[in-house]
Enquirer: 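Structure below; questions to follow.
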Amino acid sequence: MTVSSPAAFALQPAPTTFIVNVIHAHPGKQDEAFRLIQEVVHYVAERKPGFLWSSLAKSTDGLTVVNIEAISDAGDVERFFSDPVFLEKFRRLDAVSSSEFHTYAVGDLVLPQVAP
């Protein structure tokens with residue numbers, strides 16, 4: 001297992017691309033949807049250059065799972081989806097959910113202006 005540097009804030013936004021995948025779980029399937037996207041993200045983290053980090057979360061209402069993932073370049077998305085193993089793992093989500101997948105470029109980084 002490779003250990004990467006911890007995430008850190010910078011005063012200027014780095015040219016980072018974010019993937020935001022909102023997964024709408026079928027009734028009673030939130031835990032399974034979480035497990036499946038977790039498997040996808042771990043696969044990418046262990047094998048794909050360009051992966052920086054991911055934050056996975058379940059909504060408290062039991063309806064959605066979200067993956068917010070930082071990658072080095074928008075082209076990484078195409079590279080990830082061109083991997084047949086990745087694609088097979090990602091498609092397993094279709095049995096338990098539907099999803100919205102969007103790619104974003106950082107435009108502004110806002111940090112606290114007061115000491116915590």
Side-chain angles (χ1 to χ4, degrees):
M1 181 166 100
T2 303
V3 177
S4 60
S5 302
F9 288 108
L11 293 179
Q12 297 297 320
T16 304
T17 300
F18 288 95
I19 302 303
V20 178
N21 189 1
V22 179
I23 300 161
H24 301 276
H26 297 331
K29 299 292 184 178
Q30 185 189 44
D31 287 340
E32 188 173 354
F34 184 87
R35 183 187 57 76
L36 290 169
I37 194 63
Q38 188 177 39
E39 184 179 326
V40 170
V41 171
H42 281 267
Y43 176 82
V44 170
E46 294 166 5
R47 292 169 180 83
K48 301 296 180 185
F51 175 87
L52 301 175
W53 57 262
S54 175
S55 179
L56 297 167
K58 294 188 240 182
S59 64
T60 57
D61 60 11
L63 301 176
T64 61
V65 174
V66 67
N67 174 28
I68 301 172
E69 185 171 310
I71 58 177
S72 61
D73 182 83
D76 293 334
V77 174
E78 187 176 317
R79 286 187 286 281
F80 297 169
F81 277 97
S82 68
D83 176 339
V85 175
F86 169 89
L87 197 54
E88 187 270 326
K89 289 178 179 297
F90 192 82
R91 286 185 176 155
R92 290 181 194 163
L93 282 165
D94 293 341
V96 298
S97 64
S98 62
S99 62
E100 299 173 48
F101 186 93
H102 301 279
T103 304
Y104 299 88
V106 173
D108 190 17
L109 176 63
V110 181
L111 298 173
Q113 298 300 307
V114 295

Enquirer: To the nearest 0.5 Å, what is the distance between NZ (Lys29) and CG (Leu93)?
Expert: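 Spacing of NZ (Lys29) from CG (Leu93) equals 12.5 Å.
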Enquirer: Identify, with sequence neighbours excluded, every residue that meets side chain to side chain contact (heavy atoms under 4.5 Å, CB included) alongside Phe101.
Expert: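 Per chain and number, Phe101 pairs via side chain to side chain contact (heavy atoms under 4.5 Å, CB included) with Ile19, Asn21, Val77, Phe81, Phe90, Thr103.
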Enquirer: Between atom OG of Ser97 and atom CD1 of Ile37, what is the distance when rounded to the nearest 0.5 Å?
Expert: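 Between Ser97 OG and Ile37 CD1, I get 8.5 Å after rounding to 0.5 Å.
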Enquirer: Atom CZ in Arg35, atom CD in Glu32: separation rounded to 0.5 Å?
Expert: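 If we round to the nearest 0.5 Å, Arg35:CZ and Glu32:CD are 5.5 Å apart.
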Enquirer: Identify, with sequence neighbours excluded, every residue that meets side chain to side chain contact (heavy atoms under 4.5 Å, CB included) alongside Asp31.
Expert: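 Once residues adjacent in sequence are excluded, the partners of Asp31 under the side chain to side chain contact (heavy atoms under 4.5 Å, CB included) criterion are Lys58.
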Enquirer: Would you call Asp83 and Lys48 a salt bridge, using N to O less than 4.0 angstrom?
Expert: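 Salt bridge between Asp83 and Lys48, a charged N being under 4.0 Å from a carboxylate O: yes.
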Enquirer: For Leu56 and Val66: C-alpha separation, side-chain torsions, deciding distance, then whether side chain to side chain contact (heavy atoms under 4.5 Å, CB included) applies.
Expert: CA-CA 6 Å; Leu56 297 167; Val66 67; over 6 Å; no
Enquirer: Is the shortest side-chain heavy-atom distance between Val44 and Glu69 below 4.5 Å?
Expert: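 Sidechains of Glu69 and Val44: in contact.
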Enquirer: Report whether Leu63 and Phe34 are members of the same hydrophobic cluster (ILVMFWY, side-chain heavy atoms less than 4.5 Å apart, transitive linking).
Expert: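 No, Leu63 does not connect to Phe34 through the hydrophobic network.
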Enquirer: Are the charged groups of Arg91 and Asp94 less than 4.0 angstrom apart, N to O?
Expert: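 Result for this pair is no, no salt bridge flagged.
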Enquirer: Would you tell me whether Asp73 and Thr17 have side-chain atoms, one donor and one acceptor, within less than 3.5 Å of each other?
Expert: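 There is no such pair between these side chains.
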Enquirer: Drop me the distance from Leu111's CG to Gln113's CD, to the nearest 0.5 angstrom.
Expert: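 That separation rounds to 7.5 Å.
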Enquirer: Quick one: list whatever passes salt bridge (charged side-chain N to carboxylate O under 4.0 Å, His left out) with Glu88, sequence neighbours left out.
Expert: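 Salt bridge (charged side-chain N to carboxylate O under 4.0 Å, His left out) list for Glu88, sorted by chain: Arg92.
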Enquirer: What's the spacing between Trp53 CH2 and Phe18 CZ if we round to 0.5 Å?
Expert: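 It comes to 4.5 Å.
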Enquirer: If you look at every heavy atom in Phe80 and Pro49, which pair is closest and at what distance?
Expert: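 In terms of heavy atoms, the two residues are closest at CE2-O, 4.0 Å.
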Enquirer: Is a side-chain N or O of Gln30 found less than 3.5 angstrom from the main chain of His24, in a donor-acceptor match?
Expert: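 Flag not set: sc Gln30 to bb His24 has no pair under 3.5 Å.
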Enquirer: Supply the atom-to-atom distance Ser54 OG to Asn67 CG, rounded to the nearest 0.5 angstrom.
Expert: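 Atom-to-atom, Ser54:OG and Asn67:CG are 3.5 Å apart.
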